[in-house]
Amino acid sequence: MLIPECAVLPSELNALVNSFEKYYLVKNVPVYELVEQQFIDRFVKKGSVYALSYNTQIDQDNTVALLPTGTLILSVDKDTYEELGLEGKSSQYSHKAVMRYVITVDLKSLVPGTAKNKRVMWALKEKLLVKCDFLIMWNSPGDEDFSLSTHFEKYQCKEHAPAVSTKVLRDLPYPVIQSCDLRGNPEKSCDASEFMEWLGAVTSEIECNNEASNFLSTFCCPEPSSVMEKAYLCTVTGFLLPENICKLLEQLCHYFDEPKFAQWTSLTVHGFADSPVSWGSAEHGFHKGGENFYNFVVFKNRDYWLQMAVGSHDGCPP
């Protein structure tokens, strides 16, 4: 979050940021554990499970994700795909020769005892034992008798809280923008892409002064510009629930319920660079940087800009 003309995070936003749910890092878990009927009945069918293989590279390793819809996605190399023998499709980011495949399993449609269920379990448990470290969360509508830590107690399971870092920026040059003018005006405002580039520099703590002594960056703030006396930058890093991000965005909209000097606030959300999916269940390709993010600019008059971006190897966001 970037909040102009602010030096202290409002209590409502501070409380919300520090109330984000904790998540688990489970070590060396066989993928078949996510297909076991007990796991499906306890967690997948009684809430939303989010899981992502940890420290796996989408362009080199076997990567796995479990979506809240109950869809299990495996992005695997050619050798793994052939050995598993499960139905899949070639990756759309393959070269002339297909080197990667994507396998999709709908866990909610698996029926115990059916041929499909038996084949999936046999492939993942007996044919080829695929193991990963997983980041995993469970969003349940109510109190349940089971927890992820209890279910995975035979593995190394550690709870983690999202990391929160804050910084107050002083005398920050910024591009002038107007909610009604996405394309900008040479004399009145900057366009949305110029603002996004500036925002990326600021959140990465890159100076925007284009000074001769700065060997890291020659970037300067787009024109027309002004200078804000102070700005509050808050970064939350971890495995975050979409529900928490929605609450945060809603609270940012209420930031202007009382008069403020700021004309806008910004919320940027970065997805994992090595996730096998980006938007919805669309396949994600790393290309050069694994870009996978979106940004809201909420204006004082309650208008907003939504900017979405992925790498050049991905399909356009919806």
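No experiment lies behind these values; they were computed from the predicted model shown.
Considering all non-hydrogen atoms of both residues, Val236 and Phe20 come closest at CG1-CD2, 3.9 Å.
With values rounded to the nearest 0.5 angstrom, Met1 atom CE is found 10.0 Å from Thr166 atom OG1. Distance check, rounded to the nearest 0.5 Å: CD of Glu229 to CG of Asp171 gives 7.0 Å. Atom OG in Ser109 sits 9.5 Å away from atom CG in Asn117 (nearest 0.5 Å). To the nearest 0.5 angstrom, Asn14 atom CG is 11.5 Å from Gln251 atom CD.
Scanning for side-chain contact (heavy atoms from CB on, under 4.5 Å) contacts around Asn185 gives Asp181, Glu187, Lys188, Ser189, with sequence neighbours left out.
Annotation: side chain of Val298 is in contact with side chain of Leu249 (closest heavy-atom distance under 4.5 Å). Looking only at side-chain heavy atoms (C-beta outward), Leu67 and Ile73 come within less than 4.5 Å of each other. Using a 4.5 Å heavy-atom cutoff, the side chains of Tyr155 and Glu33 are in contact.
Proximity of a side-chain donor or acceptor of Lys300 to a complementary backbone N or O of Lys260 within less than 3.5 Å is detected. The main-chain N or O of Ala192 is found under 3.5 Å from a side-chain atom of Gln307 such that the two form a donor-acceptor pair.
Using a cut-off of 4.0 Å between Lys/Arg side-chain N and Asp/Glu carboxylate O, Asp133 and Lys27 are scored as salt-bridged. Looking at Glu36 and Lys125, a side-chain N of the basic residue comes within less than 4.0 Å of a carboxylate O on the acidic one, giving a salt bridge. With respect to the salt-bridge test (charged N to carboxylate O, under 4.0 angstrom), the residues Arg100 and Asp61 do not qualify.
Residues Phe261 and Leu252 do not share a hydrophobic cluster, defined by chaining ILVMFWY side chains whose heavy atoms lie under 4.5 Å apart.
Trp264 and Trp198 have perpendicular rings, their planes meeting at more than 60° on a 0 to 90° scale where under 30° would count as parallel.
In summary, of the residues considered (Val31, Asp77, Thr56), a side-chain contact (heavy atoms from CB on, under 4.5 Å) with Asn62 occurs for Asp77 alone. The one candidate from Phe43, Tyr24, Phe39 that meets the ring-ring contact (aromatic ring centres under 6.0 Å, His included) condition with Trp138 is Phe43.
The hydrophobic cluster around Phe272 extends to Tyr23, Leu25, Tyr50, Leu52, Tyr54, Leu135, Met137, Phe239, Leu241, counting ILVMFWY residues whose side-chain heavy atoms fall within less than 4.5 Å of a member.
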*Under the side chain to side chain donor-acceptor pair (under 3.5 Å) criterion, do Ser91 and Glu283 qualify, and how do the steps go?*
CA-CA 8 Å; Ser91 170; Glu283 187 182 356; 2.5 Å; yes
